[in-house]
Structures are given as C-alpha cells and as structure tokens.
Number of protein chains: 2
Amino acid sequence: MKEAFKALADPTRRKILDLLKGKDLTAGEIADQFDMSKPSISQHLKILKAADLIEAEKQGQYISYHLNTTVFQELISWAMSFTKGDDTNA
Amino acid sequence: MKEAFKALADPTRRKILDLLKGKDLTAGEIADQFDMSKPSISQHLKILKAADLIEAEKQGQYISYHLNTTVFQELISWAMSFTKGDDTNA
DNA sequence: TAAGTATTTAAGTAATTAACTAAATAATAA
DNA sequence: TTATTATTTAGTTAATTACTTAAATACTTA
C-alpha cells in the first residue's frame, strides 16, 4: 500500500487509472491522451505497475495495460477504518 | 481530494492519522510519538488540515486535533469506482 | 508584567520527483 | 536484412518536498 499511496499522489497517474476504467489500453493509446512525452507516460506506467495498481500484458509489439483491483480494495478497507469506531488497522 | 492524495503519500502523515483514530490529541502529544522536530510535525498537521483530513480546535494554550471522516468517505467512493463495472467517476 | 509552555511561521538545505531529449530494445513489415 | 513502429531505459535538469534551527505568536501562571 505504501507504494500505492505515493503512486496516487500524482494527477497524471490518477487520470491514467481513470482511462483504464472499463477498457484496457496500450501504452501509446494512454500517452495519446496527454500533452506529455511518451517516455514520461512510460515512467508513470512503471510506477503504477510497481504499486500493483495496474498490470501489463505484452501483445505483439504493443503492451496492453489494465487495472488490478486488489490494491483498490485494500484502500477501501484502509479508508473505512477511519470512518467509524473501527480499529481494524490499529 | 487532490490535496488528500498528496497528504496521504507521506508515511509520517498516515501515522498521524492512525494516532488520531478513536482519540483526539494535541499537537504536542502527536509530536511526542515521532523522532522528529515539533516544527516538522506542525507542518505535517498543516498539510493534513489543508486536505480536510483532520480538524483543529484551540483549547487554551493547546490545539487539539481530530479526524474529519468526510474525505475518507469520498476516498472510499473513489476507490470503489475502480473495483467493479462502476463508472461513477467517469 | 515577566517567565514559561505550546505551537506555528520563516528561512535554508538535501533528497526526491517529474519532466525532457536521446538512445536502446523489441516486434513487425517490406 | 533494413526500415518502421511501439515502448522503455538512461541521463539531465527544474521543481517540489521534507526536514532542520531560529524566531515569532499565543496563552497561562507567578
């Protein structure tokens, strides 16, 4: 989760996650949505992958990215522990 | 939420939030839990407050801090939108 | 009012981050 | 094999962040 919190701090990376909602996209398709160089987006993808928020799948000369929901679920549990008399994460 | 994501990226700030689970604490009581200068903790508290994750209440010469759960709830909704065929935040 | 305690603000610095361009790798197509 | 396309890695730089110490502010008590 430590990595995920840092990964989520950046607005470009959060927008990438939004783009991946519902549909998988290649690195290039993702980069096309930003006014930023492809290497910069590649770096962001690397950070999101290291945080286990996304997964990559090589398809020929393309690399397809998709969401990995497990860390989002952990995040929900974490946040819920602050909303009640819950001491799950104590 | 933008501010909250950045605030949550730092482990010291996440630990402060954990300390505030269940009980309110003064700035000094919080600082005592860390091997770090009081001004540094004060800065972290300022960032958490700016992100609406905590609220401050002046009590005489002390300042008492407590959690504000609203942003945590927003965070839960946000994270949930990634876990299903949900397009709430689309 | 003067002294002490609690906390913040200010100013400076070292480490980290996010961007860039150029070069490398990998797959496909001619 | 050579060229083209897709993507990443490497190296550099500017901006941001997280700390520090010193000074300022605010309240309490003698």
Side-chain angles (χ1 to χ4, degrees), chain A residues 1-21 23-68 71 75 78, chain B residues 1-21 23-68 71 75 78:
Chain A
M1 289 260 289
K2 188 173 169 302
E3 294 297 313
F5 282 118
K6 286 182 71 167
L8 293 173
D10 185 89
T12 298
R13 289 192 291 266
R14 291 197 303 276
K15 188 176 166 193
I16 290 173
L17 295 174
D18 280 335
L19 291 170
L20 290 173
K21 259 186 204 170
K23 60 188 168 310
D24 297 6
L25 294 172
T26 67
E29 286 170 332
I30 293 167
D32 287 345
Q33 304 299 314
F34 294 89
D35 186 18
M36 193 182 291
S37 73
K38 285 174 197 296
S40 295
I41 296 299
S42 181
Q43 271 298 119
H44 284 305
L45 290 170
K46 186 179 185 175
I47 289 165
L48 288 169
K49 201 171 68 173
D52 273 329
L53 288 162
I54 63 174
E55 288 170 344
E57 202 169 341
K58 189 149 203 175
Q59 289 175 352
Q61 75 190 302
Y62 300 90
I63 298 178
S64 180
Y65 284 94
H66 61 271
L67 293 178
N68 175 10
V71 176
L75 194 67
W78 177 86
Chain B
M1 290 261 288
K2 189 175 169 301
E3 294 296 313
F5 282 117
K6 286 182 72 167
L8 293 172
D10 185 87
T12 298
R13 289 195 288 268
R14 291 198 303 276
K15 188 177 166 192
I16 290 173
L17 294 173
D18 280 335
L19 291 170
L20 290 173
K21 258 186 206 172
K23 58 186 173 311
D24 298 7
L25 294 172
T26 68
E29 286 170 333
I30 293 167
D32 287 347
Q33 305 299 314
F34 294 88
D35 186 18
M36 193 183 288
S37 73
K38 285 175 198 296
S40 295
I41 296 299
S42 181
Q43 273 297 117
H44 284 305
L45 290 170
K46 186 178 183 174
I47 289 165
L48 288 169
K49 201 170 68 172
D52 273 329
L53 289 162
I54 62 174
E55 288 170 344
E57 202 169 341
K58 191 150 202 176
Q59 289 175 351
Q61 76 190 303
Y62 300 90
I63 299 180
S64 180
Y65 284 94
H66 61 272
L67 294 177
N68 175 11
V71 176
L75 194 67
W78 178 86

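Just so we're on the same page: letters track the sequence lines, and every chain starts at 1. Here the structure is a predicted model, which means the values were calculated and not measured.
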Starting at atom [atom1] of [X], determine the distance to atom [atom2] of [N], rounded to an integer number of angstrom.
X     : N      : atom1 : atom2 : result
B:F5  : C:dT17 : CZ    : P     : 18 Å
B:D10 : D:dT16 : CG    : P     : 18 Å
B:L48 : D:dT17 : CG    : P     : 14 Å
A:Q59 : C:dA27 : CD    : P     : 13 Å
A:K15 : C:dA19 : NZ    : P     : 12 Å
B:L8  : D:dT17 : CG    : C1'   : 16 Å
B:I16 : D:dA18 : CD1   : P     : 11 Å
A:F34 : C:dA18 : CZ    : P     : 13 Å

*Among C:dA19, D:dT20, D:dA18, which nucleotide sits nearest the side chain of B:S37?*
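Nucleotide nearest to B:S37's side chain: D:dT20.
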*With the side chain counted from C-beta on, respond yes when B:W78 and A:L75 share a heavy-atom pair under 4.5 Å apart, and no when they do not.*
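With C-beta onward as the side chain, the pair touches.
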*Output yes when a side-chain donor or acceptor of A:E29 lies under 3.5 Å from a complementary backbone atom of A:T26, and no otherwise.*
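Checking the backbone N and O of A:T26 against the side chain of A:E29, a donor-acceptor pair under 3.5 Å is found.
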*Without swapping roles, check the side chain of A:N68 against the backbone of A:D52 for a donor-acceptor pair under 3.5 Å.*
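Pair found, side chain donor or acceptor close to backbone of A:D52.
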*Are any of B:H44's side-chain N or O atoms less than 4.0 Å away from OP1 or OP2 of D:dC19?*
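Yes, B:H44 has a side-chain N/O under 4.0 Å of OP1/OP2 on D:dC19.
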*If you take all heavy atoms of B:Y65 and B:A27, which pair is closest and at what distance?*
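Closest approach of B:Y65 to B:A27, heavy atoms only: CE1-CB, 3.9 Å.
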_Nucleic acid footprint by protein, nucleotides 4-9 of chain C - heavy-atom cut-off 4.0 Å, B for base, S for sugar-phosphate alone_ = -BSSBB
*May I have the step-by-step check of salt bridge (charged side-chain N to carboxylate O under 4.0 Å, His left out) for B:K15 and B:D10, ending in yes or no?*
CA-CA 9 Å; B:K15 188 177 166 192; B:D10 185 87; over 6 Å; no
*asked:* Any carboxylate oxygen within less than 4.0 angstrom of a Lys/Arg side-chain nitrogen, looking at B:R13 and B:D18?
replied: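 Looking at B:D18 together with B:R13, the answer is no, because their closest N to O distance does not fall below 4.0 Å.
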